[in-house]
Structures are given as C-alpha cells and as structure tokens.
Amino acid sequence: QVQLMDSGGNSVQAGESLRLSCAASGFSFGTYCMGWFRQAPGKERQAVATIYTADGTTYYPDSVKGRFTISQDNANNAVYLQMNNVQPEDTAVYYCARSANCWVGYLPEDDDEYDYWGRGTQVTVSS
C-alpha cells in the first residue's frame with residue numbers, strides 16, 4: 001500500500017528557513033518522480049519542486065528557483081524540501097506526491113500526472 005506522509009510545516013517569519021519531509025512507504029524509489037506542490041487559499045495547486053529519483057534531475061518554477069531545494073534519501077525512502085528565505089507569498093498547504101509518468105528529460109508539472117499524495121502540511125509566513 002503506497003503511503004506518503006508529509007510533515008514539517010510551521011509558522012515562520014519572512015527570511016527564515018524551513019525543511020519539509022515526505023516519508024514514502026509501499027514502494028521503492030526507482031523511476032518515479034517525486035514532487036512538492038502547494039495550494040494557497042483561492043488558488044490552484046502548483047508544483048514547486050520535482051525530482052526524478054532515477055538520476056536526481058530536478059525542476060523548479062521561477063517563483064522558487066534559488067530558494068527551494070528538493071532532495072531524496074534513498075536509504076530512508078524520503079524526500080525533502082529545503083525552503084530558504086521564505087516569503088509571505090509562500091504561505092500555503094504543501095503536499096508531496098508521486099508520479100510514474102516521468103522519464104529522462106521529462107518531469108511532470110501538472111498535478112493530474114501524480115497518482116499518490118500526502119495529506120499536506122501548512123506553511124505560514126508572516127512579514
């Protein structure tokens with residue numbers, strides 16, 4: 001049974017750092033993509049980081065590039081999102097997700113390409 005447990009959300013001040021964790025079970029990293037998404041109130045869910053677990057290739061949208069870093073820990077079947085210099089616009093519920101629809105040179109950005117999701121963890125950034 002595939003399960004994703006995301007955690008690490010908190011209330012922080014602008015400019016601080018935060019690290020989110022996603023513990024995966026029921027499958028082993030191989031050729032899957034793991035992604036972090038966020039959804040703010042009244043907005044659509046958007047990808048903020050994706051990693052192809054087979055080779056470590058990553059993708060970030062411009063809104064977080066240079067501030068967020070996704071990483072994987074194969075020994076513990078976990079994925080992390082390091083968030084630095086967070087800003088109020090980063091406030092959202094963050095979700096980790098898994099996609100089997102990825103390969104070398106293609107990391108999916110649309111949430112409908114991900115088949116399993118964590119429950120979400122709240123990140124609140126105050127100015």
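The figures that follow rest on heavy atoms only: side chains count, while hydrogens, waters and symmetry mates do not. Quantities reported herein were computed from a predicted structural model and do not represent experimental measurements.
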Same hydrophobic cluster for [X] and [Y], using side-chain heavy-atom links shorter than 4.5 Å among ILVMFWY?
| X | Y | value |
| --- | --- | --- |
| V2 | I51 | yes |
| W36 | L107 | no |
| V86 | L20 | yes |
| L18 | L81 | yes |

Practice item. Give a yes-or-no answer on whether the side chains of S126 and Q13 include a donor-acceptor pair shorter than 3.5 Å. Key: yes

Exercise for review: Please check if any side-chain donor atom of Q1 sits under 3.5 Å from a side-chain acceptor atom of Y116, or the reverse.
Suggested key: no

Review point. Between R98 and D115, is the closest basic N to carboxylate O distance under 4.0 Å?
Key: yes

Okay, side chain of [X], backbone of [Y]: is any donor-acceptor separation there less than 3.5 Å?
| X | Y | result |
| --- | --- | --- |
| D110 | D112 | no |
| Q72 | T53 | yes |
| Y60 | I70 | yes |
| D73 | A75 | yes |
| T69 | Q82 | no |
| T124 | S11 | no |

**Study point:** Within 6.0 angstrom of E44 CD, more than 12 heavy atoms from elsewhere
**Key:** no

Practice item. Decide whether a cation-pi geometry holds between R19 and Y80; the criteria are a distance under 6.0 Å from NZ or CZ to the six-membered ring centre and an angle within 45° of the ring axis. Key: yes

Check your understanding: Does R38 make a cation-pi contact with Y95, if we ask for NZ or CZ under 6.0 Å from the ring centre and within 45° of the axis?
Key -> no

How close do [X] and [Y] get, counting heavy atoms only, and between which atoms?
| X | Y | result |
| --- | --- | --- |
| Y94 | D6 | O-OD2, 4.0 Å |
| G35 | Y114 | N-CE2, 3.8 Å |
| T91 | A40 | O-CB, 3.6 Å |
| M34 | C22 | CE-SG, 4.3 Å |
| C102 | Y52 | SG-CD1, 3.6 Å |

**Study point:** Gap separating the CG atom of N85 from the CZ atom of R67, nearest 0.5 angstrom
**Key:** 6.0 Å

Revision key, fill the gap. Rounding to 0.5 Å, atoms SG (C33) and CG (N101) come to a distance of 8.5 Å

Point to revise | Check against ring-ring contact (aromatic ring centres under 6.0 Å, His included), F37 and W117 | key: CA-CA 10 Å; F37 288 74; W117 293 81; 4.9 Å; yes

Review point. Under 6.0 Å between ring centres, would you say that holds for F27 and Y32?
Key: yes

